[in-house]
Amino acid sequence: MSFTSDLKKEIISRFLAESKTGGEKKAALSAFIRTSGALGMQGDIPSFFLVSETEYVAEFFMRIFAETFNAELSITHAVMDRMSGRDKLVLLCPSGLGKPTLSALRLLKRDGSDFREGICKLLVKGDDRKIAYIRGAFLGGGSCTLPSDGGTGYHLEIVFNERKTAKDFCLLLDEFDLLAKWIERKDTYVVYMKSKEAISDFLAVIGARNALRRFAAVLEKRDEANNDNRARNCMAGNADKTAIAAVKQVVAIKKIEEKTHFKDLSEELVTLAKLRLQSPEKTLQELADTLGVSKSCLNHRMRRLIEIAEEL
């Protein structure tokens, strides 16, 4: 099961277990309409409908709608989503309740003449209502991808159907020190986070403790893998440097051999020169161990051989 699916189930479970107030339920419902709904007029009467491809999310909002307004959303039909291949449930506002419901959810202007843009500050007065709004928005239009889910990186996004609401939502997240950006994508407005630190903080703010533990485990596993890769690259780099140095030493020693046949060299330098020619693949430490000297001492002798070659 995907991380997004598990996260949404945890959000619903915690919301139901926390005995939410009417204000929190309205905030969540309002956010759900902004992400999964459409506002419109039936004649001169404002109304809305909701679309959800996730049955348990649809059932959750049907439940809190009934608890809040003492009325039931009706399932009119299911439509096939061409992209996902899954059915989408269409939930319709009860007849005659469009205007009072949308007014209560702060989706109508005060005089009821038109639909409101953005997030009404009264709707999200207090941290509890703000968090309820964030949760409702994620349930309606959110997704979170981890590398373990087959993605190439960390990505959390929430899709809104109205520009001002997406911009206000970024400001709402900023109140919890959550840095998010928004972009326009076709006819929608997407609020997103790509930083693993921001996503981790987001999960903490909405109280998704299980998801946060799973996220932390993925981070730890990825960090271990990255550290292993860095160590291997470092070792490979050191091996390359060792090989290049060995080639340089062999070339210098052969030059001395060709021009002087090792005449005028001390016994220690001759021994080292011949050993290097016999074992070009060995490291300086291995040569030092063979000769029974320190690496520092052998380094000094090797530099002297290279200096002699450069003087020839």
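Note: N210 CG to L7 CG = 10.0 Å, rounded to the nearest 0.5 Å. With values rounded to the nearest 0.5 angstrom, L89 atom CG is found 11.5 Å from L73 atom CG. The OG atom of S200 sits 11.5 Å away from atom CG of L156, with the distance rounded to the nearest 0.5 Å. Atom CG of L123 and atom NZ of K26 lie 9.0 Å apart (nearest 0.5 Å). Here the straight-line distance linking atom CG of D114 with atom CG of L107 works out to 12.0 Å at 0.5 Å rounding. L172 contributes atom CG, which lies 6.0 Å from atom CZ of F169 (distance to the nearest 0.5 angstrom).
More than 12 heavy atoms of other residues, nucleotides or ligands shown are found within 6.0 angstrom of NZ on K255. Heavy-atom contacts from other residues, nucleotides or ligands closer than 6.0 Å to CD of E72 number 12 or fewer. Residue-environment remark: CD (E267) stays at or below the threshold of 12 foreign heavy atoms within 6.0 Å.
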For ring-ring contact (aromatic ring centres under 6.0 Å, His included), just list the numbers for F202 and F176, CA-CA rounded to whole Å, side-chain angles, deciding distance to a tenth of an Å, and then say yes or no. CA-CA 9 Å; F202 178 91; F176 295 95; 9.8 Å; no
With salt bridge (Lys or Arg N to Asp or Glu O under 4.0 Å) as the criterion, how do R185 and E157 come out once you've worked through the C-alpha distance, each side chain's angles and the decisive distance to 0.1 Å? CA-CA 12 Å; R185 183 190 294 163; E157 69 174 40; 3.0 Å; yes
R301 vs E268, salt bridge (Lys or Arg N to Asp or Glu O under 4.0 Å): CA-CA, chis, key distance, verdict: CA-CA 8 Å; R301 294 179 184 178; E268 291 85 358; 5.1 Å; no
Kindly indicate, with the supporting measurements, whether the criterion side-chain contact (heavy atoms from CB on, under 4.5 Å) is fulfilled by I12 and L16. CA-CA 6 Å; I12 291 172; L16 294 176; 3.9 Å; yes
R63/E67 under salt bridge (Lys or Arg N to Asp or Glu O under 4.0 Å): CA gap, chis, key distance, verdict: CA-CA 6 Å; R63 173 175 174 175; E67 292 173 352; 3.2 Å; yes
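Between E307 and R304, at least one side-chain N (NZ, or NE/NH1/NH2) sits under 4.0 Å from a carboxylate O, which counts as a salt bridge.
Under the 6.0 Å cut-off for aromatic ring centres, F32 and F61 qualify, their centroids lying closer than that. Within the 6.0 Å centre-distance limit, the rings of F215 and Y154 are counted as a close aromatic pair.
Legend: side-chain hydrogen bond (donor to acceptor under 3.5 Å, both in side chains) pairs involving residues 121-142, not counting sequence neighbours, sorted by first then second residue: E18-R135, K130-E175.
At distances below 3.5 Å, at least one donor-acceptor pair connects side-chain atoms of E10 with backbone N or O atoms of A211. Between the side chain of K8 and the main chain of G142, a donor-acceptor pair closer than 3.5 Å is present.
A cation-pi contact, defined as under 6.0 Å to the ring centre and within 45° of the axis, links K20 to F15. Relative to the ring axis of Y56, K9 places its NZ or CZ within 45° and under 6.0 Å from the centre.
Between R303 and Q249, every side-chain heavy-atom pair lies at or beyond the 4.5 Å cut-off.
Across every non-hydrogen atom of T4 and C144, the tightest pair is OG1-N, 2.7 Å.
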